[in-house]
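Have a look at the structure below, then the notes.
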Amino acid sequence: MPTDNDDHIDRRTVLKYAGTAGAVGLAGCSGNGGDGGDGEDGMDGGDGEDGMDGEDGEDGGDAFELGVTMGQMDSGLDPQDHAETNTEIIVGQAYEGLLDRDKEGGIIAGLADDWERTDDGSVRFTLRDGVTFHNGDDLTAEDVRFSIRRIVFEDVGIASPQSNDLGVVDEVTAGDGEVTVSFEGYNPIAFQLFATNGEIVQQSWVEENGGDYINRNANGTGPFRVTEYNSGTEVLYEPNEDYWDGAPAVNELRMSASSESSTRVNQLLAEETDIVTNVPPNEVSRVNNSDVASINSVPSARIIFLQMRYDVEPFSSQQFRQALNHAVDVESIIENVLNGFGNITAQPTLEGHVGYNPDIEPYPYDPDEAERLVEESGHAGVEITLETPIGRYLRDVDIAQAAANQIDSLSNVSCEVEQREFSSLVQDVTAPDIEDRPHFNLLGWGNGEFDGSQTLTPLLSSSGALTVLENEELDGLLTDAEATEDPDERVGILQEANQLAHDLAPWVFMHQQFSVYGVSSDISWVPRSDEFIDPDTATQQ
């Protein structure tokens, strides 16, 4: 997985090398659907329509229309005023950052075609030549400086919910075709952060328009221009013919949403849309047996877990928390509830992410050991409630019900499920004071930076924005990880932190969620592991 030391590679190079792999990867997925993931790269040009590319000689095929149907729409088009995946997917068609990621999460060039760390620990980005905003104006270093400062400094214009996504920024300096970002202290994952966050806006366009206008219109540098915005319903796009990497083959893009998974599948099979998200496992066969679509899935960067607050009984007992880990048969849930679309986990960091500890084994399913630990915890006979969102994650309610039933089957614990609308539950999960957060709930966390610290720190450090745990030893390890400049030493520290988190068991460790898409047979498209949808890489079959 990428680190600061990765060799630089730009998006065009990725496209070039992935060109022949795409069809193979997609074909392998289409015929299976049960194992979820080919994990292969596999973009296939997508830029050949107008011949602007001209470097790799690939042809993206004839122009075509493409529809994407998700579970939810956006919360507005301001690329710096949101913190949700669906909004990021919609605005990310029109806006870009300095760096980007390939299909498997590797760092690639974006609006910057070179980047380096300076002697004082700052990071310097060299901007790509010839980039223009959709209104025709050139991208400048001042635009980049303004964009970063607008995200991290509240007095620049908005209180961005992304203010922590770029690290603790001290100052941003614009030079001749380059921008330097300085941090308060050393930032060991600066490039990982900029590869996932920090979309660039035009300073004059933002300053001339109000928030409502910016949330209903777009002026980015991305491969698509917004042509029509219907809040809560759909967004229409046309290709950006002046795109620095060549216009996409898709000549009309429609992004829409339907909260009912069955409705999305029906739309796909009726050939009303081309890509649908979160196909439930019980619908996989119906899609794969159709003549018009197939399943395409990939292990995502999202982990699913049952979190327990350390400060309330019975979850204040480490023995009780470990008991619940032994009580839940995660492998059975993956097999029977998710039809295999999941990987069992044993620690907060997913395999392949920086800091993953390969020596940690999942808690074995052992009801007898669970009952023994409950007795030792002193909480035998306790009644607990598991709160779960409805429809936010793949089969979330069914997963919660299966886990609760297994816990309830212990002789000395009673457990029931409370279903909640996600918008309501997430307000409680993100409450400023831990005393206002749920005692025991199902949650998913996407780590688009592919770095363990981006899960451990916000969710399990004492000062984390969403924490359910307070432990000085873990806090010390995370502080050390953020301070060290040696990448190998930092990995070792994060691995130790993951081992400690496993032993402390603040979560019932569940699984890595798979992104399960239904894809029209009319197109060739390979999903990304970070859940972003990139129609500009799709081609017509």
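Numbers for residues simply follow the sequence, beginning at 1.
Checked by atom type, the side-chain pair D396/T388 shows no donor-acceptor distance below 3.5 Å. Side-chain contact, E449 with N197: a donor N or O sits under 3.5 Å from an acceptor N or O. Side-chain contact annotation: N278 with S261, donor-acceptor N/O pair under 3.5 Å absent. Checked by atom type, the side-chain pair D522/Q540 shows no donor-acceptor distance below 3.5 Å. In the model, E228 has a side-chain atom that pairs as donor or acceptor with a side-chain atom of N230 under 3.5 Å. When only modelled atom types and interatomic distance are considered, R286 and N266 share a side-chain donor-acceptor pair under 3.5 Å. Judged purely by distance below 3.5 Å, without hydrogens or angles, the side chains of S409 and Q406 never pair a donor atom with an acceptor atom. Looking at Q307 and N441, their side chains do bring a donor and an acceptor atom within 3.5 Å of each other. With hydrogens and angles left out, the side-chain atoms of E84 and S75 include a donor and acceptor closer than 3.5 Å. No side-chain N or O of N289 forms a donor-acceptor pair with one of S285 less than 3.5 Å apart. Using modelled atom types, one finds no donor on one side chain facing an acceptor on the other under 3.5 Å when comparing Q347 with N357.
With a 4.5 Å cut-off on side-chain heavy atoms, F450 and I189 do not count as touching. Within the 4.5 Å cutoff, the side chain of Y243 has no heavy atoms near those of the T221 side chain. By the 4.5 Å heavy-atom criterion applied to side chains, T430 and L466 are counted as neighbours. Using a 4.5 Å cut-off on side-chain heavy atoms (C-beta onward), N86 and M73 make no contact. Taking 4.5 Å as the limit, every side-chain heavy atom of Q512 sits out of range of all side-chain heavy atoms of I344. Residues D74 and H82 are not in side-chain contact: their nearest non-hydrogen atoms beyond the backbone lie 4.5 Å or more apart. Between I275 and T69, the closest side-chain pair of non-hydrogen atoms is not below 4.5 Å. Using a 4.5 Å heavy-atom threshold, the side chains of Y237 and R225 count as separate.
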- Task: Determine, step by step, whether Q541 and S521 satisfy the side-chain contact (heavy atoms from CB on, under 4.5 Å) criterion, reporting the C-alpha distance in whole Å, the side-chain angles of both residues, the deciding distance to 0.1 Å, and the verdict.
- Result: CA-CA 7 Å; Q541 290 277 47; S521 301; over 6 Å; no

- Message: Could you walk me through whether D428 and R437 satisfy the side-chain contact (heavy atoms from CB on, under 4.5 Å) test, starting with their C-alpha distance in whole Å, then the side-chain angles of each, then the deciding distance to 0.1 Å, before giving a yes or no?
- Response: CA-CA 5 Å; D428 290 347; R437 296 173 190 163; 5.9 Å; no

- Message: Quick one, R528 with R101, criterion side-chain contact (heavy atoms from CB on, under 4.5 Å). Give me CA distance, side-chain angles, the key distance, then yes/no.
- Response: CA-CA 9 Å; R528 290 168 49 138; R101 292 189 180 274; 3.9 Å; yes

- Message: What verdict does the salt bridge (charged side-chain N to carboxylate O under 4.0 Å, His left out) test give for K103 and D534, after you've listed the backbone C-alpha separation in whole Å, the side-chain angles of each residue and the deciding distance to 0.1 Å?
- Response: CA-CA 9 Å; K103 296 279 188 181; D534 48 5; 3.0 Å; yes

- Query: Stepwise, does the salt bridge (charged side-chain N to carboxylate O under 4.0 Å, His left out) test hold for R150 with D143?
  - Reply: CA-CA 10 Å; R150 185 172 184 253; D143 292 320; over 6 Å; no

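Cation-pi geometry between R302 and W445 is not satisfied (NZ or CZ under 6.0 Å from the ring centre, within 45° of the ring normal). With Y229 as the aromatic partner, R216 does not meet the cation-pi criteria of under 6.0 angstrom to the ring centre and within 45 degrees of the ring axis.
Annotation for A109 and D100: closest pair O-CB, 3.9 Å, computed over non-hydrogen atoms. Across R254 and E234, no two heavy atoms sit closer than the pair NE-OE1, 2.6 Å.
Taking the six-membered ring for Trp and thresholds of 30 and 60 degrees, Y363 and F509 have nearly parallel ring planes, at less than 30 degrees apart. By the 30° and 60° cut-offs, the orientation of the rings of F514 relative to F341 is perpendicular.
Other residues, nucleotides and ligands contribute only 12 or fewer heavy atoms inside 6.0 Å of the CD atom of E331.
Checked against the 6.0 Å centroid threshold, W525 and Y517 count as a close aromatic pair.
Taking the salt bridge (Lys or Arg N to Asp or Glu O under 4.0 Å) definition, one finds that E387 meets it with R420, sequence neighbours left out.
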